[in-house]
Each structure stands twice: as C-alpha cells, then as structure tokens.
Amino acid sequence: MSTLLIRGGRVIDPASSTDATLDLAIRDDRIEAIGKGLSSARVDRVIDAAGKLVVPGLIDPHVHLREPGHEHKETIASGTQAAVVGGFTSVCCMPNTAPALDAPELIRFVYDAAARTGACRVFPVAAATKGRKGEELAEIELLAQAGAVAISDDGDCIPTAGVMARVFGAVARTGLVFMQHCQDPTLTRGASMHAGEISVRLGLTGWPREAEEIIIERDVRLARASGCRYHVQHISSAGSVEIVRKARAAGARITAEASPHHLILTHEACEHYNTSAKVNPPLREASDRDAIRAGVADGTITVLATDHAPHADFEKSLPFEEAPMGLLGLESALPLYAEALVHTGLIGWPRLIAMLTLEPARLCGLDAKGLGVLRAGGIADVTILDPDAAWTLDAGALKSRSRNTPFAGRSLRGRATATIVGGVVRHAL
Amino acid sequence: MTAAAMTPTTTAPGRSSSRHLLALRGLPAKDLRSLLASARDAADTPPVVPGGLTIATLFFEDSTRTRTSFTLAAQRCGLHCVDLSAVTSSVNKGETLIDTALTVEAMGVQALIVRARQSGAAALIAQRVRIPVLNAGDGRHEHPTQGLLDAMTLAKAFDRLDTFDFRGVHVAIVGDIVSSRVARSAIAAFTTLGARVTCVGPASMAPASLASLGVEVSPRLDAVVDQADAVMMLRIQFERHAAGEPGKAPTLASVREYRAFYALTTERAARMKDHAIVLHPGPMNRGIEIDAEVADAARSRVLAQVANGVPVRMAALAWCLGRV
C-alpha cells in the first residue's frame, strides 16, 4: 500500500468543472479524496503543488510508437518514457507499424508489450484496411473486440469513396471513431511540403490544401450516411477548419484535432531544406495557422494531438524529398499548446486541459474506462504542471529514441513537473 | 545544422576565404556582377586561385557537358581535377550521398563539384563537408553556373559587359519551368540584374505560382514572342512528363499540342524582334520545342552559351576557392 498527497495545487477537472486550490490524496492506484486541508499524517509522500496545476493525466490520441517493426526509431518503452516526461499518462498509438496493426493478435501484442515495458497507458488504434492498403477491409469488429480504441489507416488516406463507405459501415457497428488522415493521394504524388512560394523556389513538389479539404468534404457526406463518428487528424488548412465548422453546425458527428507544429510553425520552417520540419500534412502559411488557432478558440477543433512521429537521424539526413515525414511531439507539446493558445489569450488553462484530457478520452472511449477525469475513487492518473516554468528544449536530453524536432533550442514556458500513472510517479522534476 | 550554414554563399569552414556556390537566388547583385566580370576577363587573364589544389567532380546523375566544362575550367585555372561520375549507378540514397562526399573529402580534395537528382542535395553536402561545394545542378532547384553563363550570354548580346545591368532587357523563358533548375537559376540571375522575365508554358509546367519568383507568367508564346529580346527555350523532359511511366500521370497530352502553343517554330521565330536572340541550355529536342532552322539561325546563341560556360566556371571556382 502506498499513499501520496498532492498539496495546495490549482486542481482543474473539466468533467466536474472543478477549478480551485485543493489537495488530492492518492492511495495505491486510486484517488482517495479531493478536498481542502487533507491530512498529511501517515502519508508516504507529499508533493507541494503550490502555484502548479493539478489535472487529469494528459491523453494524446495520436502518437507513433513504431513498435513492432521500426524499433530503431522508437519503442513502446522509449515512446512512453517521452510521454510521461511530457505529462501524458495515456497515448493512442497509430497502426502504421510493420506489420500494420490490422489483426487482433497485433492489438493484443501492443497491450502486452505496453504492460511489460510501458511507462504509461497505451491504447492501440487499429488499421481500417488490410496492410493499410486502402483496399480490403480489416477485421474491424474483431479489432474492436480485441481492444482497439479507434480505427484509422493513419499515414495514408482511404483513397476511394467506395472503400471509405464500407469502412464507415463497419466502424459504425463498433461504436468506435474513424480517424482520417485526410490526403487525396492523386493530388499529392511526390509532394514533400506545402504548395506555395517556398516549394516553388526550392524546386519541391507541393502538397496543396485542396488535397485535405476535398477528403473531409467527401467523408462528411459518407459518414453522415453511415452514422459513423468521424475524426479529422492533424488539421492543416484554413479551408478544412471551415468545412469542419459548418459540418458541426449542421449536426454532423465530426471532430478535429490540431497538432503543436501546425499551431506554431509555417512552411518557412522548411527553408534551407530543413528536414526536421518535413511533416505530413505539411506546415502551411500564417493564415492557416491562425485559422487553426481560431478553430480551437471557437470550439470547432476540440482535440489536441501531437502526431509524435520519431525518425532516426540517418533517415532525416536524406535529401529533403527522400527524408521521411514527421516530427517528435510528446516532450514539447504542452508548452507549445500553451504558447499558441493560452499565452495568446485564445483559451484559458481549463479549456486547454479539457482538450488534453476529457475530449480525447471521449473521442477514444477512454472516459468509459475512467480516464480523463479526477474524482474520488477514480483511477489515479494525475499530471502536475508548472504553467510558468521557463526552459529550453535540449534535443540531446529527450527520452525519445529519436531527435527529429524543429523545436530544438527553443525557449518554452510551461512543463509537467510530475506525471502519475495509476498512482505511480513515473516522472518528477 | 544551422540555417546560416545553408545559405547560398556561406563561407566554407576549411579555408578562411572560401565559400560555397549553391544557388543564385539570394546572391546580391554585386556578387553576381563580380563573378560575371571575373568570367569576362578569364579568357585573357585566368582568375587567380591558390596553386596546387585538387578538386573533384562528384556527379550522382549523368552529365557530359557540364562535367567536361568544369574539368576544362579547372585545368585552365591550374587546378587538378578528378572525376567521380562513376558513382552514378551505385548511389541513389542520400546517406550514401553524404558518405561519398565525406569519403572524397577525406582523400584530400579542396572542393567538390556536385550534381545530383535531389533538390537541395548540394546544400545537404555543404552542411557536412569542410570544403567548398559548387552546385552543378540539384534536382529541380538550381544550376547556378548555367544561370551565370546565360547571364554572360545576355550581357554579350546586349552590350552590357561593362555593367552587367539588364534593365530594359525582356527575357521569355519557355517550357517546363516548374521542373527546371536551369530556369530557377536563370530567373534569379536575370531578375537580380534588372531584366524583365516572362515564363511561358502549359499550366502543368508554368503555373501562376511562379509569379512568386518575381516573373510574369503567360499562357501563350504567341503573345510574348514578338515582345522579348531573348527567348530561352527549355528542353521538354520527356522522362518527367511523357505517358507510360507507372504511377505517374502524364502532364503532356501530346507533342503536337505542345508544339501548337509553346514550340519556337520557324514561323514564330520570324515574328521575333530583329535583334532578339534565342537561348537553349541543351540538349535540344530539334523539331519538338525548337525547330532545327531556329536552333541553327544567326540569332541562336546556343553554342555561345556553351562557350561561355568555361570562363564562367573558372570564375566560379576562383570565387569559391578564394585567393592565395
């Protein structure tokens, strides 16, 4: 038996609309009590949280842990270490592994490996089609039964309306959400960055906004017909935000996520063929970045997700067009979200915390597992944040197995000072 | 790797006065003029370069004329030049590209002339080696010495050898601009030196987005051919645009359609201004983007371009290697 008291922090729990200075007591893997003046007598450990935020453990519904198959980039062990350093107690890992997570045995493998080696909770997202090829349906109902928390071919878009309609039909049966990587492949063949002034100058094939937008428009119609819940991953264009806004206003069951890099950077980060800023969908223009921020502010975008995508140095050292797409997210996400959304005054901490806890929990059905909330008797997944901590991202100090971040050396504000998973302190500064 | 390490003219760290030549865009007019003046004088007075140096041509993509031109330029500057174009067949991965460059550097050469099929490849190598890198063509990005020799050809044709000031000169560049490193370097040099540039080609090859390079874009050669002082024709790169390549949609419907609007035919050439000249970086597809009669006509400067290549590359080598 172990006990832990987190004393005097600003406790924010979006589910219960709690935002007050309170103590939080943990016994074993459960929250024992939340209240004022809880006794520290006979408590194994006391954490002074004065000036800090005490929030439900953060949830990232979109990460790449690379296991099985690409363990030179990341493993479930290293990726979850990165997660807890970033304040995350649960992550949903995407199925573009080798082999792809397209069979129930592989879903069970992820749960088993996470139980053996993981520093936080890991929930696999299963592939929608066999081998993620966008052709034949995977065993979607068996995958759901094995514990997949969402269905996605992330990394690739389901290219044809015919297959998409069948996938929606099957996913609707499971009650899970379908997460789309919105990219019409016929418009983006050979593309490696945003189609704009810089791609023209650098002699790189551009990835136009329309390739994302027309997929969302198509899917909104197909998802409505099937009744399937639909989620837009890593939204990148102003036009996409507007499509989602209108669909939600019309009552569609559609959600969207924004990623730290799309909230902070623009295609200018790709200047000088900087492969650490090569990501899919690409970094676009300031007008897109601002529209994504506005979409968060007005509630069009309800989820934040890092799309943590580790790649080895030797891979990112390839010429720009041959280097893989993706960048690290977990260890730098929180201060970047705050920089884009809170320090700008667009939203407050309680809303930011909701977008990192309650909203992704609902998206992936983790709320039904008792995650994403703080309540007495509930699971003790708790993150303590110092909203004002100033620090500099040192790529050499990352827990991830990879180093591919465009934010190395950046001055950041805000970080997780403790991450508690099931009552166990997995990270503490 | 810092942003500064990738800028076109960064000092290469190995020698205090040496530098890379990776792109013409971003190079100030005074540097372009200094390079061109050095090239102009190179025939009579070869530029001074440190004695006894050895350079290497490191070609990851086939090229005969550019490599030969660099080799001749090196010889005329008193440099030793070794040719490593044999890497073409075995190297196509970037890390190997860097490893190859590091290996050649370790053998003790003092500059690398790099040709590769990936945009940004020369800059990538320049980040990793300590010797100057001259970009001899990187994917669809730039081919700076080609842009300089095109500028030299213009300067000679329009009597601008004293000033290299192209104000009042209107150049049409015709064809596959989007895929052309030659066009990007030429556009950078011409516009920096004051020329007006109009890009002409089908939508897939000359999209409106090219305007961000500081040029005008026109959909019809007929509307431009009688306005321009120079018409630069680009080779149709059939390997990029023709049908039949798996996974790639053809962007060219047919040669006859292309010729109907974008070829410099004998009839169109007849409408050019009396003094106007014709440029082509070669190799030419005679009878496709340019009629044979036009290629061989008095107004053609195609061979002058080739001839200007050697002194321009002498100047570029001297500029990169620095003075003794």
Side-chain angles (χ1 to χ4, degrees), chain A residues 72 159 184-211 265-278 284-285 311-324 395-396 403-410, chain B residues 1-8 10 22-23 25-26 60 92-99 116-128 137-143 177-185 187-188 199 206-215 217 240 247-249 251:
Chain A
H72 66 286
D184 184 321
T186 66
L187 285 172
T188 55
R189 193 161 284 135
S192 56
M193 69 173 292
H194 171 61
E197 197 172 306
I198 296 172
S199 67
V200 167
R201 173 154 42 80
L202 295 181
L204 298 169
T205 302
W207 196 132
R209 298 179 178 93
E210 295 77 23
L265 299 175
T266 68
H267 62 158
E268 288 173 17
C270 299
E271 287 278 21
H272 311 299
Y273 300 99
N274 178 8
T275 58
S276 77
K278 181 180 177 185
R284 300 195 189 273
E285 301 183 23
H311 291 293
D313 280 349
F314 75 87
E315 296 164 320
K316 280 290 192 178
S317 296
L318 291 165
F320 195 89
E321 289 178 284
E322 295 170 2
R403 296 286 173 267
N404 52 307
T405 172
F407 297 111
R410 191 182 184 93
Chain B
M1 59 191 72
T2 62
M6 303 282 296
T7 52
T10 304
L22 304 177
R25 181 158 296 270
F60 298 96
N92 53 26
K93 286 281 183 256
E95 180 61 6
T96 313
L97 191 127
I98 291 172
D99 281 344
R117 64 179 172 77
Q118 305 98 336
S119 299
L124 183 64
I125 289 173
Q127 282 184 327
R128 302 289 290 268
D138 62 329
R140 293 164 295 158
H141 176 225
E142 284 224 30
H143 189 354
I177 321 283
V178 140
S179 304
S180 174
R181 56 192 173 212
V182 172
R184 275 186 187 72
S185 288
I187 288 167
C199 292
S209 59
L210 290 174
S212 64
L213 297 176
V215 301
V217 181
R240 289 191 204 275
K248 269 196 173 177
T251 48

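These values consider heavy atoms only, across backbone and side chains, with no hydrogens, waters or symmetry-generated copies. Chain A is the first sequence line, chain B the second, and so forth, proteins listed ahead of strands; every chain is numbered from 1.
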Next item on the list: Given side chain to side chain contact (heavy atoms under 4.5 Å, CB included), test R140(B) with T205(A) step by step and report yes or no.
Entry: CA-CA 9 Å; R140(B) 293 164 295 158; T205(A) 302; 2.7 Å; yes

Checklist line | Least distance between heavy atoms, S317(A) atom then I98(B) atom | finding: O-CD1, 3.5 Å

Check: Is it the case that more than 12 heavy atoms not belonging to E210(A) sit under 6.0 Å from its CD atom?
Finding: yes

Notebook entry, point to check: What residue in L204(A), T186(A), I198(A) has the most heavy-atom pairs under 4.5 Å with chain B?
Noted result: L204(A)

Check: Could you state the interatomic distance from CG (L202(A)) to CZ (R184(B)), rounded to the nearest 0.5 Å?
Finding: 8.5 Å

Item checked: Between OG1 on residue T275(A) and CG on residue L124(B), distance to nearest 0.5 Å -> 8.0 Å

Margin query: For E285(A), is the CD atom crowded, meaning more than 12 foreign heavy atoms sit under 6.0 Å from it?
Written below: yes

Margin query: So for E321(A), is it side chain, backbone, both, or neither that comes closer than 4.5 Å to the heavy atoms of chain B?
Written below: side chain

Next item on the list: Calculate, to the nearest 0.5 Å, the distance between atoms CZ and CG belonging to R201(A) and L210(B) respectively.
Entry: 13.0 Å

Check: Hey, does S119(B) have a side-chain heavy atom less than 4.5 Å from the side chain of F320(A)?
Finding: no

